[in-house]
There are 2 protein chains.
Amino acid sequence: MIFSSKLIEDAVQEFSRLPGIGKKTALRMVLQLLKMEKGEVDEFTGAVSRMRHGIKFCSQCYNVSDSDVCVLCVNPGRNRNQVCIVESIRDVIAIESTQQYSGLYHVLGGILSPLDGIGPSQLNIATLHDRVRNNGITELIMALSPTIEGDTTVYYIARQLKDLDVSITTIARGIAFGGELEYADEMTLAKSIARRQPIENYVSMK
Amino acid sequence: MIFSSKLIEDAVQEFSRLPGIGKKTALRMVLQLLKMEKGEVDEFTGAVSRMRHGIKFCSQCYNVSDSDVCVLCVNPGRNRNQVCIVESIRDVIAIESTQQYSGLYHVLGGILSPLDGIGPSQLNIATLHDRVRNNGITELIMALSPTIEGDTTVYYIARQLKDLDVSITTIARGIAFGGELEYADEMTLAKSIARRQPIENYVSMK
């Protein structure tokens, strides 16, 4: 692509560094910004800049936060005995958006993946033992990816905490609501038969 | 989507104002920016801000420009007798990227569309007569959309300039290279038969 303006070219270049954004999509965004009022563009760049410079990570759960401790951890209405262990802040947003979970979180910042050089020391695992012991946490809900790396991480954490009196659960796997049986993979289908539920549970989930 | 950080929420909100960007895509971009170094994010916001505040429109052809007259209009190597009339700066980028055109441009900033309230006074048409008369322009190449609005604009401009000795051409329409006949619409196919070319022209285009 040949631009007759360095200013446009630079902006397109910066946008195309974002994931899934090619040169053409980047140009469409830049031309849209060019149509917007200067004040609106200042709001755009201001929000991005404030976000990157102002963001903190919660000292308790490692979720993104606008202050030292995140709004979830300081909320007295949350169940402080339950902690959901997730890989990333994206998962916190996904679970929060269901509005069905009222406990706390613990963001690992990744999962164990020896092939990618990610060991326990790269993740927020070391503090988990103290957090569970000192805060009266009775249940840890593992909400990690159903992959070998995810399962490895679950087993690693369970082993680290085996001296503590805490119940460890994982989120339910099975056929998605609205999913059709014939398109489910064999492993998922097999597990969903093996872990079948009494009909009362099904009705109460509705 | 429920965010536990106002900073993240604001940035996602700003990104989702861009065309074709939903909340999920916006979040993916924001999380990518969060992973980048602060300095890299400053380069991103800086490029966007400099672009919006620094951009000018060329006083001769209305193309975007970093100075009062654009790099195409000041380039002594361009053919100053040929002017290609386009709807937007996006079209200038598309034609420049072919590296096959060496004349100048005239960016209308839209096409005539009475239904959308776009008349000649909203477009950069008024200056075209003077530009052609005073600059020794011998050919105007119309490169507008093959729609009713595009054709109307072509006819309007041709009528405005009928007292001048300038040749007006339009870019060729026909079956795209690599396009299959059976998928071409009837109008395009009919026109491409009516405007068939001697085989020598075809060979020389290769």
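Computed from a prediction, not measured in an experiment: that's the story for all the values here. Just so it is clear: chains get the letters A, B, ... in the order the sequence lines come, proteins before strands, and each one is counted from 1.
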Exercise for the section: Sort B:V12 into side chain, backbone, both or neither according to what part of it lies under 4.5 angstrom from a heavy atom of chain A. Expected result: neither

Problem - When A:L72, A:I8, A:I95 are compared by non-hydrogen pairs under 4.5 Å with chain B, the top option - result: A:I8

Problem - Pick from A:T25, A:T98, A:L33 with the largest number of heavy-atom pairs that fall under 4.5 Å of chain B - result: A:L33

Handout entry: chain A contacts, top residue of B:E96, B:H53, B:K6 (heavy-atom pairs, under 4.5 Å)
Key = B:H53

Handout entry: B:D165 atom CG: more than 12 heavy-atom contacts under 6.0 Å
Key = no

Fill in the blank from the handout: Checked A:D66, A:N63, A:D10, A:L18 vs chain B; the most non-hydrogen pairs under 4.5 Å come from A:D66

Exercise for the section: Considering non-hydrogen atoms only, spot the tightest contact between B:D42 and A:S49 and give its length. Expected result: OD1-OG, 4.3 Å

Practice task
Please round to the nearest 0.5 Å and tell me the distance separating atom CD of B:Q32 and atom CD1 of A:I21.
Solution key: 10.5 Å

Exercise for the section: Sort A:V64 into side chain, backbone, both or neither according to what part of it lies under 4.5 angstrom from a heavy atom of chain B. Expected result: both

Handout entry: Heavy-atom pair count under 4.5 Å with chain B, highest-scoring of A:V92, A:V41, A:V30
Key = A:V41

Handout entry: Interatomic distance, B:R52 atom CZ to A:E37 atom CD [nearest 0.5 angstrom]
Key = 7.0 Å

Exercise for the section: Working to the nearest 0.5 Å, report the span between CZ of B:R17 and CZ of A:F44. Expected result: 9.5 Å

Completion exercise
Taking every heavy atom of A:G20 against every heavy atom of B:R28, the minimum-distance pair comes out as CA-NH2, 4.5 Å

Problem - Residue B:I171 excluded, over 12 heavy atoms near CD1 under 6.0 Å - result: yes

Exercise for the section: Could you check which of A:M1, A:M51, A:M36 has the highest count of heavy-atom pairs closer than 4.5 Å to chain B? Expected result: A:M51

Practice task
Write down the atom of A:I2, the atom of B:S97, and the distance for their closest heavy-atom approach.
Solution key: N-OG, 2.8 Å

Handout entry: Interatomic spacing from CG in A:L34 to CZ in B:F57 - rounded to 0.5 Å
Key = 5.0 Å

Handout entry: Nearest atoms (heavy-atom pairs only) where B:E40 meets A:E14
Key = O-OE1, 4.2 Å

Exercise for the section: Output the option from A:G46, A:P19, A:A94 having the highest count of non-hydrogen pairs under 4.5 Å with chain B. Expected result: A:P19

Handout entry: Distance, nearest 0.5 Å, that separates CG of B:L27 from CZ of A:R90
Key = 6.0 Å

Exercise for the section: State which residue, out of B:I55, B:I89, B:I93, B:V71, fulfils the side chain to side chain contact (heavy atoms under 4.5 Å, CB included) condition with A:S5. Expected result: B:I55

Exercise for the section: Please flag which part of B:L31 lies under 4.5 Å from any non-hydrogen atom of chain A: side chain, backbone, both or neither. Expected result: side chain

Completion exercise
Most heavy-atom pairs under 4.5 Å with chain A, out of B:A11, B:S88, B:S4, belong to B:S4

